[in-house]
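The structure appears right after this line, and notes come after that.
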Amino acid sequence: MRRPSQMVRGLLVRQIQDVFNDRARGEAPVVRSNDALFDRGSEIWRVHGDVTTMMIGGVTALLLQMLHPAALAGVWDHSSFRSDMLGRLRRTARFIAVTTFGERTQAEAAIARVRDVHARISGALDDGTAYRASDPRLLAWVHVCEAMAFLEAWRAFGEPGMTRTAQDRYFAQHARIARALGAAPVPESRAEAEALIESFRPDLRVTGRTRAVARMILDHPPPTLAMLPTQKLVMQAAVEIMPRWARRLHGFARPPFSGPLVRGSAFALAQTVRWAFRSDGARAAGSGRAHVQPGSSMR
């Protein structure tokens with residue numbers, strides 16, 4: 001007979017996996033491969049393999065990416081984001097999982113599919129400025145927001161003592177996917193990533209559409225009522241780790257003294273989820289953190 005702790009662990013694992021996998025369509029978590037684009041033990045495996053920090057970082061990435069008018073327009077005009085947000089996030093999370101942990105051939109096929117989609121997306125902003133989803137610099141913005149957000153979530157709630165050298169290795173590894181997608185320039189270190197983000201700041205702005213999409217993300221109903229407290233904490237933590245200038249641009253209010261409480265609660269949540277995925281129940285579902293498709297972005 002399973003112990004109560006095992007039952008709790010199994011239920012938690014199942015709930016989280018169901019967020020990222022549409023079981024009605026036969027979707028199953030991505031399994032780690034010995035023939036992935038990156039080696040076991042690599043920085044990108046550690047960062048992308050943690051469920052909670054990838055969920056938090058994924059929301060942070062979205063909130064940063066939408067500050068660029070062309071990135072937001074591409075999603076608003078050419079995707080099912082508004083009508084099927086969960087489906088869109090699942091597809092993006094699966095892309096991240098496949099390109100990080102999946103078989104090399106699967107990863108390369110996923111990259112080719114995304115490039116094909118990007119090649120067919122173009123339009124114009126309200127002021128008439130043309131945009132293309134395949135524009136290398138626009139792809140660079142999407143990538144650098146994603147990489148920085150995932151890393152910051154991992155550092156905040158997973159590995160606070162991560163060295164600068166390890167962070168640089170993460171950016172260099174993640175750059176491989178960005179270049180394959182056609183992004184340029186692609187940062188190979190934290191310093192380069194920070195400089196690239198700074199170079200974009202004059203192009204960023206918040207409009208009514210930005211605020212509407214931010215509300216859709218932050219107020220989106222959870223898949224189940226049981227997930228409501230967890231989802232609320234994930235959203236709060238995602239805003240908490242944003243750069244201060246980005247929070248100000250969005251107009252996000254930060255109640256006094258809320259930061260330590262949010263960070264402490266999110267760290268405890270991450271520890272609890274890791275505990276669940278180390279259990280026998282998780283092993284039966286596929287063994288390990290990387291078997292859930294975490295993260296999201298405007299890819």
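Between Phe157 and Arg263 the shortest side-chain heavy-atom distance falls below 4.5 Å. In this structure the side chain of His118 reaches within 4.5 angstrom of the side chain of Val114, judged on heavy atoms. The closest side-chain heavy-atom distance from Val59 to Gln231 is not below 4.5 Å. Proximity of Leu218 to Leu63: side-chain heavy atoms (C-beta onward) are separated by under 4.5 Å at one or more points. Annotation: side chain of Ile177 is in contact with side chain of Phe95 (closest heavy-atom distance under 4.5 Å). Looking only at side-chain heavy atoms (C-beta outward), Asp135 and Trp141 stay at 4.5 Å or farther from each other. Side-chain contact between Val234 and Leu269 is present, with at least one heavy-atom pair separated by less than 4.5 Å. Looking at Tyr131 and Leu72, their side chains never come closer than 4.5 Å, going by heavy atoms from C-beta outward.
Among residues two or more places apart in sequence or in another chain, the side chain to side chain donor-acceptor pair (under 3.5 Å) test is passed with Ser199 by Arg137. Every residue two or more places apart in sequence or in another chain that forms a side chain to side chain donor-acceptor pair (under 3.5 Å) with Asn34 is listed here: Arg40. In this structure, Gln106 has no side chain to side chain donor-acceptor pair (under 3.5 Å) partners at least two apart in sequence or on a different chain.
Checking Thr129 against Asp127 by side-chain atom types alone, a donor-acceptor pair falls below 3.5 Å.
Listed by first and then second residue, the side-chain hydrogen bond (donor to acceptor under 3.5 Å, both in side chains) pairs involving residues 163-173 are Glu43-Arg169, His48-Tyr170, Gln167-Arg190, Tyr170-His174 (not counting sequence neighbours). Among pairs with a residue in residues 231-250, those fulfilling ring pair (Phe, Tyr, Trp, His ring centres under 6.0 Å) read His250-Phe252, at least two apart in sequence or across chains.
Under the 4.5 Å side-chain heavy-atom criterion for Ile, Leu, Val, Met, Phe, Trp and Tyr, Ile121 and Val142 are members of distinct hydrophobic clusters. Leu138 and Leu67 fall into different hydrophobic clusters, where Ile, Leu, Val, Met, Phe, Trp and Tyr side chains are chained together by heavy-atom contacts under 4.5 Å. Under the 4.5 Å side-chain contact rule for hydrophobic residues, Leu196 and Leu204 share a cluster.
Taking CG from Leu125 and CG from Asp77, the interatomic distance works out to 8.5 Å, rounded to the nearest 0.5 Å. With values rounded to the nearest 0.5 angstrom, Asp116 atom CG is found 4.5 Å from Arg120 atom CZ. Remark: Arg247 CZ to Met242 CE distance equals 8.0 Å, nearest 0.5 Å. Atoms OG1 and CD, on Thr53 and Glu152 in that order, are 11.5 Å from each other to the nearest 0.5 Å.
Arg132 places no side-chain N or O within 3.5 Å of a backbone atom of Ala119 that could act as its donor or acceptor partner. Counting only distance, with no hydrogens or angles, the side chain of Arg104 and the backbone of Ser33 share no donor-acceptor pair below 3.5 Å. A donor-acceptor pair under 3.5 Å is absent between the side-chain atoms of Glu146 and the main chain of Ala61, judged by distance alone.
Considering Val98, Thr100, Ile96, Thr99 as possible partners of Val30, the one that fulfils the side-chain contact (heavy atoms from CB on, under 4.5 Å) test is Val98. Phe171 pairs in a side-chain contact (heavy atoms from CB on, under 4.5 Å) with only one of the listed residues (Glu188, Met148, Glu192), which is Met148.
Between Pro160 and Phe267, the shortest heavy-atom distance links the atoms CG-CE1, 4.4 Å. The two residues His143 and Pro187 make their nearest non-hydrogen contact at CD2-CD, 4.1 Å. Closest heavy-atom contact between Val186 and Ala178: CG1-CB, 3.9 Å. For Ala246 against Leu64, the heavy-atom pair with the smallest separation is CB-CD2, 3.6 Å. The two residues Cys145 and Gln65 make their nearest non-hydrogen contact at CB-CG, 3.6 Å. Shown here for Leu139 and Ser134, the closest heavy-atom pair between the two residues is CD1-O, 3.8 Å.
Around atom CG of Asp126, no more than 12 heavy atoms belonging to other residues, nucleotides or ligands sit under 6.0 Å away.
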Name the atoms and distances for all side-chain donor-acceptor pairs under 3.5 Å in residues 207-217, with sequence neighbours left out.
from   : atom 1 : to     : atom 2 : distance (Å)
Thr207 : OG1    : Arg209 : N      : 3.3
Thr207 : OG1    : Thr210 : N      : 3.3
Thr207 : OG1    : Thr210 : OG1    : 3.1
Thr210 : OG1    : Thr207 : N      : 3.0

Trace of the side-chain contact (heavy atoms from CB on, under 4.5 Å) decision for Gln236 with Leu261: CA-CA 10 Å; Gln236 291 173 334; Leu261 178 60; over 6 Å; no
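We find that Asp50 and Arg46 are not joined by a salt bridge, their nearest charged nitrogen and carboxylate oxygen being 4.0 Å or further apart.
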